[in-house]
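Counting starts at 1 for both ligands and their atoms, in listed order.
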Amino acid sequence: MCGIVGYIGPRDAADICLAGLKRLEYRGYDSAGIATVDEGELHLRKVVGKLVNLEEVLQQEPLVGAPGIGHTRWATHGKPSKTNSHPHISTNGRIAVVHNGIIENYGQLRQQLTAEGYKFVSETDTEVMPHLVEKYYEGDLREAVRRAVGDLKGAFAFGVICADSPNELVAVRRFSPLVVGLGDGENYIASDMGAIRQETDKVYVIDDDELALITRDDVELTDLALNPIAREVFEIPWPAEAAQKAGHKHFMHKEIHEQPDAMHSCLAGRLSSPEAPLVLEGLQMSEQEIKDLRKVVFTACGTAYHAGMVGRFMMENLARVPAEVDLAAELRTRDPVVLDNTLAVVISQSGETADTLVALRDLREKGARVVSVLNVVDSSIARESDGVVYIQAGPEIGVASTKAYSLQVLTMAMIALHFAEVRGTADPATIRSLKEALLAVPDQSQELLDREEDVKAVAQHYYQMPNSLFLGRGINLPSAMEGALKLKEISYVHAEGYSAGEMKHGPIALVEPNLFTVAIAVAGEVYEKMIGNMQEIKARSGPVIGVANDGDDVIGDECDDMIWVPPCPELVSPITIAIPLQLLAYHIADLRGEHIDQPRNLAKTVTVE
Ligand code: M6R
């Protein structure tokens with residue numbers, strides 16, 4: 001996830017791009033850059049680090065002219081460095097490109113273009129684009145971009161300028177967000193409306209495979225065959241001050257809503273169809289190494305630990321490898337046995353959590369191979385791992401982890417399925433149907449977000465209660481624990497995540513009318529048992545919120561309130577169930593008036609043991 005912005009008009013583009021990038025910094029902040037066209041030449045400034053560094057450079061060496069494009073980066077291919085930062089430039093130095101997304105076939109394109117004499121200077125996937133545009137440029141920038149995009153597989157939103165077409169800015173998208181802002185004698189592009197809300201409240205929202213040819217006075221939208229598209233102007237309904245959160249009240253809320261897009265990015269290039277094998281290059285493991293595995297140990301903290309619990313379940317169930325999961329802070333005290341061919345799967349959003357890093361080192365010392373599942377690129381954990389699978393969630397700013405969790409679980413599912421495929425431990429029909437279910441997850445997640453008002457109504461019934469229980473079984477025990485963690489950390493409501501089967505061994509003593517229970521009872525192996533546990537709570541006058549599948553006409557009788565989720569295989573259900581539980585926690589905390597993005601006593605990244 002990166003942020004792009006662009007401007008064409010009478011003012012200096014760099015000023016508008018910098019201001020826009022500041023509002024997009026939530027999308028990435030490891031490096032940044034701006035390119036402009038002035039007096040028939042391309043001019044460029046790039047820096048490593050946050051936008052303040054770019055601002056300093058621009059103060060010392062101002063950039064004049066327009067059009068211009070800017071970028072704030074969240075590294076995916078190639079570490080954060082000046083060379084890898086955007087804009088990327090064509091071999092002849094006449095074309096500049098900013099990109100948000102992932103080009104899946106960049107390796108092959110890079111080889112071809114290198115053989116044709118184009119010079120690559122970065123390690124990025126993006127750099128194929130300026131060279132392709134140069135290759136196809138014959139005086140018509142839009143045509144060159146159109147032909148270049150025809151060679152690409154993957155996700156992208158591009159902004160392109162060319163010193164030889166100084167009156168044009170071209171933009172195009174597939175899967176990555178893009179808007180065109182409409183001014184008076186000037187126009188803009190951006191990854192989201194917030195970036196340009198200061199400048200205009202009128203935008204075109206660009207769809208997949210649409211091209212925009214933008215001049216000072218005109219915006220021409222077409223499909224990739226250059227058929228004109230008539231698009232209604234969208235009026236941004238929120239004020240400029242709300243821009244950074246794109247109109248959301250809190251980052252947490254925004255990040256909950258980013259999940260469908262982030263899931264697309266996480267799946268891109270890895271799982272393309274139910275028939276195709278999974279591609280997880282980051283694992284850095286040969287088929288033989290996967291077949292030889294004797295044990296998998298998952299370790300992590302907090303929310304990431306809950307993702308590890310789901311991972312263990314999936315790994316044993318699908319890949320039939322003995323698997324364990326440990327809280328990173330506890331792992332060392334346990335002194336675990338590491339056999340030959342043990343794989344440690346280390347999960348962390350930040351890649352900097354001290355307990356997790358120490359657990360990693362311990363497992364490595366004992367001889368385990370380490371694959372980490374991370375969000376932030378080039379973190380300490382990444383540097384000490386044998387392989388890294390990035391979840392591609394983009395920056396997570398809210399202290400309560402939301403999109404990182406669902407993407408960690410999605411990644412766990414892909415790893416377990418990949419291992420099952422290689423080891424031949426699950427039948428092809430099961431693998432196929434699970435892949436179908438994973439491909440459906442982004443749409444199902446969107447459906448759940450569209451039902452937010454229903455969850456908010458449930459929150460209204462319970463937000464004043466001081467105590468809660470979250471119950472689940474099997475693969476949804478971690479879902480219950482994660483639901484409870486979300487609620488307690490942002491609302492300060494006492495919340496226990498518990499195995500429903502354990503209730504009768506003690507916790508049921510807590511049940512009374514002022515303690516609400518959230519019970520996860522989606523279709524699957526534990527459904528009947530969950531119904532039994534819910535009846536036990538009802539019999540003791542405890543109010544119950546059921547989380548169940550659409551169309552279940554039995555469960556309603558056992559519950560006071562319902563949260564409905566679309567059906568999917570039980571093994572995949574933790575991914576989508578996470579969303580309404582995040583929303584429930586969010587709305588309870590919001591109704592209680594808490595500081596949701598900065599909960600008391602917590603930090604986003606815990607770098608002390
Ligand atoms: O960056 P990490 O994923 O390693 O962080 C682990 C935990 O500190 C983190 O998940 C924490 O529990 C969150 N506040 C949960 O929302």
Side-chain angles (χ1 to χ4, degrees), residues 74 250-256 258-259 262 266 298-311 325-331 344-363 370-385 388-412 470 478-493 495 497 574 578-579 581-586 588-589 594-609:
W74 178 256
H250 298 98
F251 278 111
M252 181 185 177
H253 192 256
K254 177 166 169 287
E255 286 157 9
I256 291 173
E258 282 170 352
Q259 288 176 104
C266 185
F298 294 86
T299 191
C301 300
T303 286
Y305 169 72
H306 298 147
M309 288 178 74
V310 180
V325 59
D326 265 296
L327 285 166
E330 292 295 325
L331 190 116
V345 178
V346 172
I347 310 161
S348 173
Q349 187 286 128
S350 61
E352 300 294 346
T353 302
D355 287 325
T356 311
L357 189 58
V358 170
L360 177 159
R361 288 179 181 153
D362 214 47
L363 288 164
V370 176
V371 166
S372 51
V373 173
L374 305 176
N375 192 30
V376 179
V377 172
D378 212 29
S379 57
S380 305
I381 291 180
R383 286 194 291 274
E384 297 193 27
S385 302
V388 184
V389 182
Y390 287 108
I391 61 170
Q392 311 287 13
E396 193 181 64
I397 292 168
V399 167
S401 189
T402 51
K403 60 177 179 171
Y405 176 72
S406 57
L407 270 71
Q408 283 161 350
V409 177
L410 179 58
T411 307
M412 295 294 120
F470 284 69
S479 305
M481 293 170 71
E482 175 58 12
L485 176 61
K486 281 295 85 80
L487 182 62
K488 76 180 90 168
E489 70 180 326
I490 57 168
S491 72
Y492 321 134
V493 170
I579 293 174
L581 297 187
Q582 293 163 357
L583 288 171
L584 183 67
Y586 173 82
I588 289 179
E594 303 300 352
H595 293 288
I596 291 181
D597 284 331
Q598 285 104 26
R600 71 182 179 213
N601 307 339
L602 292 178
K604 181 66 185 160
T605 304
V606 186
T607 51
V608 288
E609 277 184 71

Quiz item: What is the ring orientation for H253 with Y586, classed by angle as parallel under 30°, tilted 30 to 60°, or perpendicular over 60°?
Solution: tilted

Quiz item: So, Q259 versus Q582: side-chain donor-acceptor pair below 3.5 Å or not?
Solution: yes

Quiz item: Does the side chain of T303 pick up a donor-acceptor pair with the side chain of K486 at under 3.5 Å?
Solution: yes

Exercise. Select all protein residues for which some heavy-atom-to-ligand 1 distance is less than 4.0 Å, and list them by chain and number.
Key: C301, G302, T303, A304, S348, Q349, S350, T353, V399, A400, S401, K486, E489

Exercise. Taking only Lys NZ, Arg NE, NH1 and NH2, and the carboxylate oxygens of Asp or Glu, determine whether E258 and K403 approach each other closer than 4.0 Å.
Key: yes

Exercise. Return yes if a side-chain donor-acceptor contact under 3.5 Å exists between E352 and S380, otherwise no.
Key: yes

Self-check item: Among E396, H306, Q408, the one residue meeting side-chain hydrogen bond (donor to acceptor under 3.5 Å, both in side chains) with S401
Solution: E396

